[in-house]
Structure formats: structure tokens, C-alpha cells
Amino acid sequence: QVQLVESGGGLVQAGGSLRLTCAASRRTVSTYVMGWFRQVRGKEREFVAAISQSGISTAYVDFVKGRFTISKDNAKNTVYLQMNSLKPEDTAVYFCAANGKLYVSSRADEYDYWGQGTQVTVSS
């Protein structure tokens with residue numbers, strides 16, 4: 001069973017930065033596509049970023065391009081989401097997810113395992 005645990009969320013002022021961490025069990029990070037999603041209460045979960053097993057391929061939703069960076073450390077079995085220039089509209093619960101497909105996907109229904117989420121709140 002794959003387990004994912006997010007951390008690093010919190011309260012930050014607009015323009016600030018946070019780094020989210022997703023600690024995975026076993027060798028998940030090197031064998032799964034890893035993604036970050038976010039969800040605001042009452043809205044659907046939306047894709048933020050994803051990274052391939054090799055780390056060579058990444059994908060981002062348009063509204064975070066240039067501000068967020070996904071990366072990973074296979075040796076530590078950890079995935080990161082560096083978030084800079086945060087905006088109040090980035091406020092959400094952020095989830096880490098693992099996908100057993102062979103391609104980077106932005107579809108939540110293609111991810112097999114999910115963490116419990118970490119709250120990010122950006123004040124104006």
C-alpha cells in the first residue's frame with residue numbers, strides 16, 4: 001500500500017513563499033508519476049503540477065507557471081512543490097498524489113493514491 005504524507009502548508013502573506021513536501025512510502029517517487037492538486041471547499045479538485053518517474057518531464061497548470069516548481073528526490077522518496085509569489089487565490093488544501101501510468105497526467109481520476117492534504121492560506 002502506497003502512503004503519502006504532505007507537510008509544509010501554513011499561513012503566508014501575498015507575495016510570500018512556501019515549500020510543500022510529500023513523503024512517500026517504499027519506492028513510490030521513483031516508480032510513479034507524482035502530482036500536486038489543490039481543492040477549495042465546495043469546488044472540484046484541480047491539477048497544479050506533476051513530474052515523471054525520471055524527473056525529466058514536468059507539467060503545470062497555466063496559472064502557476066513561473067511561480068511554482070515541482071521537484072523530487074528519489075533517494076529520499078520525497079516530492080516538493082516550491083510556491084513563490086503566492087496570491088490569495090492560491091488558498092486551498094494541497095494534495096500529493098501518485099499515478100501508475102507511464103505519462104504525466106493532469107487528470108485526478110488517473111491518480112491511484114492520495115495524501116491527506118495540507119492547508120495553504122495566503123492573506124492579502
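It should be emphasised that the depicted structure is a prediction, and the values quoted were computed from it without experimental measurement.
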Hey, does the side chain of [X] reach the backbone of [Y] with a donor-acceptor pair shorter than 3.5 angstrom?
X	Y	answer
Arg67	Ser85	yes
Ser52	Ser57	yes
Lys72	Met34	no
Glu6	Thr118	no
Asn77	Ser25	yes
Thr28	Ala24	no

Stepwise salt bridge (Lys or Arg N to Asp or Glu O under 4.0 Å) test for Glu46 and Arg38: CA-CA 5 Å; Glu46 61 182 2; Arg38 69 187 190 187; 2.7 Å; yes
From CA spacing to verdict: ring-ring contact (aromatic ring centres under 6.0 Å, His included), Phe37, Phe95: CA-CA 5 Å; Phe37 290 75; Phe95 297 89; 8.7 Å; no
Check against side-chain hydrogen bond (donor to acceptor under 3.5 Å, both in side chains), Asp73 and Thr78: CA-CA 5 Å; Asp73 185 333; Thr78 301; over 6 Å; no
Phe68 side chain near Val61 side chain, heavy-atom distance below 4.5 Å: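 No; the side chains remain at least 4.5 Å from each other.
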Flag side-chain contact, heavy atom, 4.5 Å: Gln119 against Thr91: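 Side chain of Gln119 against side chain of Thr91, heavy atoms only: contact under 4.5 Å found.
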Single-linkage hydrophobic cluster Phe47~Ile70, side-chain heavy atoms < 4.5 angstrom: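 Same cluster: Phe47 reaches Ile70 through Ile, Leu, Val, Met, Phe, Trp or Tyr contacts under 4.5 Å.
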salt_bridge(Lys65, Asp62) N-O dist < 4.0 Å: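 Looking at Lys65 and Asp62, the cut-off is met.
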